[in-house]
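Counting convention: from 1, in listed order, for ligands and their atoms alike. All residue numbers refer to positions in the sequence shown, counting from 1. Since this is a predicted model, take the numbers as computed values, not measurements.
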Amino acid sequence: MKQLAINGGAKMVKKNFAWPVFDERDVNAVTDIAKSGQWANPDCKGYVEQFEKEFAAYCGSRYAVTCVNGSVAIRLALIASGVRPGDEVIVPPYTFIATASTVLECNCVPVFVDIHPDTYNLDPSKIAAAITPRTKAIIPVHFAGQACDMDAIMAIAERFKLTVIEDAAHAHGGAYKDRKLGSIGHAGCFSFQSSKNLNAGEGGIVVTNDERLYDMMNSLRNVGRVKGGQWYEHHNLGCNYRITQFQAALLLQQLKRLDEQTRTRDENGKYLASRLSTIPGITPLTRGHGETAHTHHLFIFKYDKSQFGGLSKKQFAEALAAEGVPAFMGYPKPLYEQPLFRDKNFLCYAIPDHVDYTNVRCPVAERACSEEAVWILQHAMLGTRQDMDSFAEAVAKIYQASK
Ligand SMILES: *Cc1c(COP(=O)(O)O)cnc(C)c1O
């Protein structure tokens with residue numbers, strides 16, 4: 001039997017997976033801006049406007065507003081949607097903090113609804129039970145780049161007159177029934193932070209078909225100025241959330257690679273899932289929930305320690321990483337167990353006193369965190385088919401060693 005790398009044996013995977021991917025075109029785009037001296041465009045014209053137009057068209061949406069990051073993107077969409085203090089917003093508990101913290105930043109209350117065990121996306125069958133007269137919006141997260149069940153979510157939203165803000169921070173270029181993720185709800189939010197599938201170091205964008213939402217978000221990210229207004233004329237409580245020309249020019253270049261990269265990850269994902277499914281105790285999340293392009297910001301599989309001699313998920317993920325697979329155990333606990341929620345550290349934000357997260361229970365998310373979920377990161381999914389074979393062989397090696 002081969003010795004595990006974590007115990008001093010040879011690694012299964014020796015390759016380093018590069019991220020970000022760039023070449024002379026990206027470097028020249030940034031250098032040209034530096035030389036021009038036009039590092040920013042205070043009116044959000046120039047490359048910023050050009051990128052907004054291209055990204056909106058790419059998503060099949062009418063409008064797009066860039067901003068400093070994906071968290072602010074969600075915040076802009078929430079405020080523009082008309083939420084008021086004390087309103088409730090439904091969010092999943094298995095996601096990055098911003099999906100829920102931006103709700104608090106609007107003086108609103110995140111209400112956690114559990115995820116589906118096959119996809120780790122918001123479980124539509126559990127949404128209706130969480131709706132109250134105060135519910136105003138739902139933020140489905142296309143987690144790992146897999147589409148949420150948008151038909152079901154949009155139907156619930158229509159029935160209860162809720163705004164749907166898609167958190168597509170993992171899902172640039174992903175699709176649900178051939179419609180681009182982010183373009184299906186009332187607004188779709190993306191992040192361009194450096195780990196994301198489309199990146200400029202930092203940045204964010206909201207796409208929408210709703211002109212009223214667009215005008216408000218455009219105002220909010222530009223210190224409350226309005227279309228046709230003067231420079232020293234501030235109508236709304238916004239802020240300077242503008243991006244630089246450097247980011248926009250880089251994104252215009254990076255966007256050219258996105259489709260090919262998404263195709264590669266998607267194909268690798270299908271292949272890796274088929275390889276891993278043959279190993280006892282390993283179950284990739286299931287496809288077939290409407291996704292027509294999975295971006296695999298993460299490749300997630302479920303781990304069953306009972307098939308691995310009781311080896312904990314954390315130990316398994318560490319052994320896998322030691323084998324050279326860019327893998328990680330993911331979130332160790334659902335969001336509502338964070339001190340922010342447990343201790344109600346809401347600072348100056350006016351969150352109603354009755355709010356209490358100590359009794360929230362989402363068993364599927366809890367099991368995903370503590371027992372099941374193992375992540376392989378997106379840049380590794382850009383590898384070759386042989387790389388996917390080597391990832392599966394690394395898992396099989398740990399399985400053999402556990403016997
Ligand atoms: C990254 C991320 C965000 C926020 O993006 P930032 O650009 O880091 O602010 C929001 N939601 C999810 C699911 C994310 O992964």
Side-chain angles (χ1 to χ4, degrees), residues 19-20 51 55 64-79 89-106 110 112-113 115 119-122 137-148 150 153 164-174 181-182 185 187-207 217 220-221 239-244 246-248 250-251 254 265 285 294-300 328 330-336 338 340 362 365 368-369 373 375-379 381:
W19 189 258
F51 176 69
F55 195 77
V65 177
T66 52
C67 57
V68 289
N69 57 50
S71 308
V72 163
I74 300 171
R75 194 165 136 75
L76 292 177
L78 277 166
I79 299 172
V89 178
I90 289 169
V91 297
Y94 193 75
T95 178
F96 180 62
I97 184 78
T99 312
S101 61
T102 50
V103 175
L104 294 168
E105 286 183 306
C106 295
F112 292 100
V113 169
I115 53 177
T119 61
Y120 289 175
N121 278 334
L122 202 52
I138 309 177
I139 310 183
V141 182
H142 304 296
F143 201 78
Q146 178 163 26
C148 289
M150 289 309 290
I153 290 170
V164 175
I165 297 171
E166 297 175 70
D167 181 340
H170 292 187
H172 323 66
L181 300 182
C189 304
F190 297 83
S191 165
F192 302 129
Q193 183 268 341
S194 54
S195 71
K196 306 297 157 97
N197 291 21
L198 181 65
N199 105 82
E202 299 285 359
I205 201 165
V206 192
V207 297
M217 294 190 293
L220 294 174
R221 65 94 184 253
C239 189
N240 173 4
Y241 294 128
R242 300 182 303 258
I243 63 168
T244 64
F246 291 105
Q247 290 159 288
L250 195 50
L251 287 164
Q254 292 281 315
R265 287 192 209 90
L285 293 185
H294 191 323
T295 71
H296 278 301
H297 178 64
L298 302 167
F299 179 95
I300 303 180
F328 172 49
Y331 304 134
K333 56 188 177 189
L335 271 188
Y336 53 79
Q338 293 288 339
L340 165 66
C362 295
C369 293
W375 299 357
I376 295 175
L377 306 178
Q378 61 92 4
H379 62 294
M381 299 307 291

Main-chain N/O of S194 paired to W19 side chain as donor or acceptor, under 3.5 Å: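 Here the side-chain-to-backbone pair exists.
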D167 and ligand 1 - part of the residue with a heavy-atom distance under 4.0 Å: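 Within the 4.0 Å criterion, D167 contacts ligand 1 through side-chain atoms alone.
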Side chain, backbone, both or neither: the part of H170 lying under 4.0 Å from ligand 1 by heavy atom: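 It is the side chain that touches ligand 1; the backbone stays farther off.
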Counting each atom of ligand 1 from 1 as listed, which ones have a heavy atom of [X] under 4.0 Å away?
{"X": "G70", "result": "4 (C), 5 (O), 6 (P), 7 (O), 9 (O)"}
{"X": "A169", "result": "2 (C), 3 (C), 10 (C), 11 (N), 12 (C), 14 (C), 15 (O)"}
{"X": "K196", "result": "1 (C), 2 (C), 3 (C), 5 (O), 14 (C), 15 (O)"}
{"X": "S71", "result": "4 (C), 5 (O), 6 (P), 9 (O)"}

Would you say [X] and ligand 1 have an N/O pair spaced under 3.5 Å apart?
{"X": "T95", "answer": "no"}
{"X": "Q193", "answer": "no"}
{"X": "V141", "answer": "no"}

Set of residues satisfying side chain to side chain contact (heavy atoms under 4.5 Å, CB included) with respect to H297, sequence neighbours excluded: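 Per chain and number, H297 pairs via side chain to side chain contact (heavy atoms under 4.5 Å, CB included) with H170, S195, K196, N197, T295, Q378.
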Distance-only side-chain donor-acceptor flag, T102 / E105, under 3.5 Å: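 Side chains of T102 and E105: no pair found under 3.5 Å.
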Nearest-neighbour protein heavy atom for atom 3 (C) of ligand 1, which is reported as residue plus atom name and distance: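 The protein heavy atom lying closest is F96 CD2, 3.5 Å.
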For I243 against C67, the heavy-atom pair lying closest together: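 Minimum heavy-atom contact is CG2-O, 3.0 Å.
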Distance in Å, F51 CZ paired with L251 CG, rounded so as to fall on 0.5 Å steps: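 Rounded to the nearest 0.5 Å, the CZ-CG separation comes out at 4.5 Å.
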pair P110-Y336: side-chain heavy atoms closer than 4.5 Å: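 No; the side chains remain at least 4.5 Å from each other.
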Near-ring test F143/Y120, centroid separation under 6.0 angstrom: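 Between F143 and Y120, which both carry aromatic rings, the centre distance is not below 6.0 Å.
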